[in-house]
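Contents: one structure, followed by commentary.
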2 protein chains.
Amino acid sequence: MSKNITELLRGNGFKVTPQRLAVYEVLANTKEHPNAEMIFSSLQATYPTMSLATVYKTIDILHEIGLVQILNAGEDSFRYDADMSNHAHVRCVECGRVDDVFDLDAAKVTREIEAGTRYRLTGQQFYFYGVCPECQKQGKAH
Amino acid sequence: MSKNITELLRGNGFKVTPQRLAVYEVLANTKEHPNAEMIFSSLQATYPTMSLATVYKTIDILHEIGLVQILNAGEDSFRYDADMSNHAHVRCVECGRVDDVFDLDAAKVTREIEAGTRYRLTGQQFYFYGVCPECQKQGKAH
DNA sequence: TATTAAAGAATAACGATTTTCGAATACCCG
DNA sequence: CGGGTATTCGAAAATCGTTATTCTTTAATA
């Protein structure tokens with residue numbers, strides 16, 4: 001990336017706080033697309049006083065300055081991803097895990113849609129649902 | 001369709017009630033992908049005593065017997081669609097309307113993904129975001 | 001038409017997210 | 001490097017969509 005988180009925060013008029021760096025670190029170092037609760041829990045050890053509200057407010061800022069994307073995979077809560085590349089997601093309907101799907105040319109599909117509808121498209125989200133390899137092995141597959 | 005709503009309800013062990021028929025009628029006669037609140041409001045005139053809880057429970061049943069699909073277009077509430085065909089949706093980020101996108105071969109994309117990941121896919125949802133033709137005319141476009 | 005299990009309406013409960021507001025602190029300036 | 005100040009933090013309460021509970025009504029069958 002061109003700028004690091006500290007520069008981006010300061011450049012957008014936000015203060016650089018340990019909490020913000022910590023929340024971003026969690027997101028940047030996992031591939032598990034955690035929700036707010038999961039981020040909160042994983043920070044309990046190092047930041048015992050941090051509240052869920054702070055996690056939400058921080059995510060809001062990180063999203064605003066383009067450092068995290070918000071996933072709405074049809075669950076009861078949102079998930080967050082520090083990987084800003086345009087990629088789809090697949091959720092296992094058995095265990096709930098959410099994985100990345102990189103081999104999909106979304107731009108091509110988007111161009112087709114833009115030609116078909118008369119919308120001027122600004123973004124898209126593709127979600128796939130199925131059973132992950134692990135759960136298939138578990139024999140839970142019917 | 002092969003069976004009508006009355007047969008489907010009864011065949012699945014559900015009673016056929018005026019409320020259920022009414023909720024389905026609303027969904028079947030609109031292309032606006034209403035959420036629960038919108039369905040509730042549009043039934044106020046004819047069913048002044050119906051409660052929101054009934055709308056939710058009815059939608060739940062209609063979804064269970066395969067008569068409506070649930071849309072999660074990244075808003076704060078769910079939308080519902082009586083068109084069960086596999087089609088994508090596009091939401092206008094200006095006015096909030098949700099339109100259908102039929103010209104997209106989702107099955108083909110799904111097959112590609114299934115080959116790439118090792119998931120066994122059971123479904124997918126594609127959502128596009130942009131500015132609808134009306135809002136583009138409004139000059140709100142930047 | 002009577003029986004009865006299921007459904008409706010009203011209300012309370014629930015969980016994720018947002019807001020409020022006094023206390024704490026990052027950052028600019030000297 | 002320390003002070004002043006606007007911003008942020010954190011705890012609690014509020015909000016909002018949705019779900020559960022309770023009690024009353026009703027559809028379906030004989």
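The figures that follow rest on heavy atoms only: side chains count, while hydrogens, waters and symmetry mates do not. The chains referred to below are lettered A, B, ... by the order of the sequence lines, with proteins before strands, and numbering in each begins at 1.
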- Item | DNA chain D: 5'-proximal contact among B/P18 and A/I61 (nearest heavy atom) |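 Of the two residues, A/I61 wins.
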
- Item | Integer-rounded Å distance: D/dG10 C1' and A/Y47 OH | 15 Å

- Item | Interatomic distance where CG belongs to B/N12 and P belongs to D/dA28 [whole Å] | 14 Å

[options]: which one has an atom nearest the side-chain heavy atoms of [X]?
X	options	value
A/F14	D/dT18, D/dA11, D/dT8	D/dT8
A/K15	C/dT17, D/dT18, D/dA6	D/dA6
B/T17	C/dT18, C/dG8, D/dT19	C/dG8
A/K57	C/dT17, C/dT19, D/dA27	C/dT19
B/F78	C/dT18, C/dC27, D/dT18	D/dT18

- Considering just the side-chain nitrogens and oxygens of A/T49, establish if one lies under 4.0 Å of OP1 or OP2 belonging to D/dG10.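 A/T49 to D/dG10 OP1/OP2: side-chain N or O found under 4.0 Å.
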
- Query: Under 4.0 Å: is that the gap between some side-chain N or O of A/R20 and OP1 or OP2 of D/dC9?
  - Reply: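 Looking at the OP1 and OP2 atoms of D/dC9, one of them is under 4.0 Å from a side-chain N or O of A/R20.
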
- Query: With nearest nucleotides of DNA chain C determined for A/D60 and A/R10 from heavy-atom distances, which residue corresponds to the more 5′ nucleotide?
  - Reply: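 Here A/D60 is the residue nearer the 5' end.
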
- Would you mind classifying the nucleic acid contact of A/Q19 as base, sugar-phosphate or nothing, using non-hydrogen atoms under 4.0 angstrom?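 Answer is sugar-phosphate: A/Q19 comes under 4.0 Å of backbone atoms only.
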
- Looking across every strand, which nucleic acid part, if any, lies under 4.0 Å from A/T54 by heavy atom: base, sugar-phosphate, or nothing?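 Result for A/T54 = base.
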
- Query: Which residue, A/E25, A/K31, A/E32, forms the side chain to side chain donor-acceptor pair (under 3.5 Å) with A/N29?
  - Reply: A/E25

- Centres of the A/Y80 and A/Y24 rings: under 6.0 Å?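 No, the ring of A/Y80 stays outside the 6.0 Å limit from the ring of A/Y24, centre to centre.
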
- Hey, would you say the B/Y56 and B/F78 ring centroids sit under 6.0 Å apart? no

- Task: Apply the side chain to side chain contact (heavy atoms under 4.5 Å, CB included) test between B/R79 and each candidate in B/L71, B/N72, B/I70; give the one that qualifies.
- Result: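 With B/R79 as partner, side chain to side chain contact (heavy atoms under 4.5 Å, CB included) holds for just one option, B/L71.
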
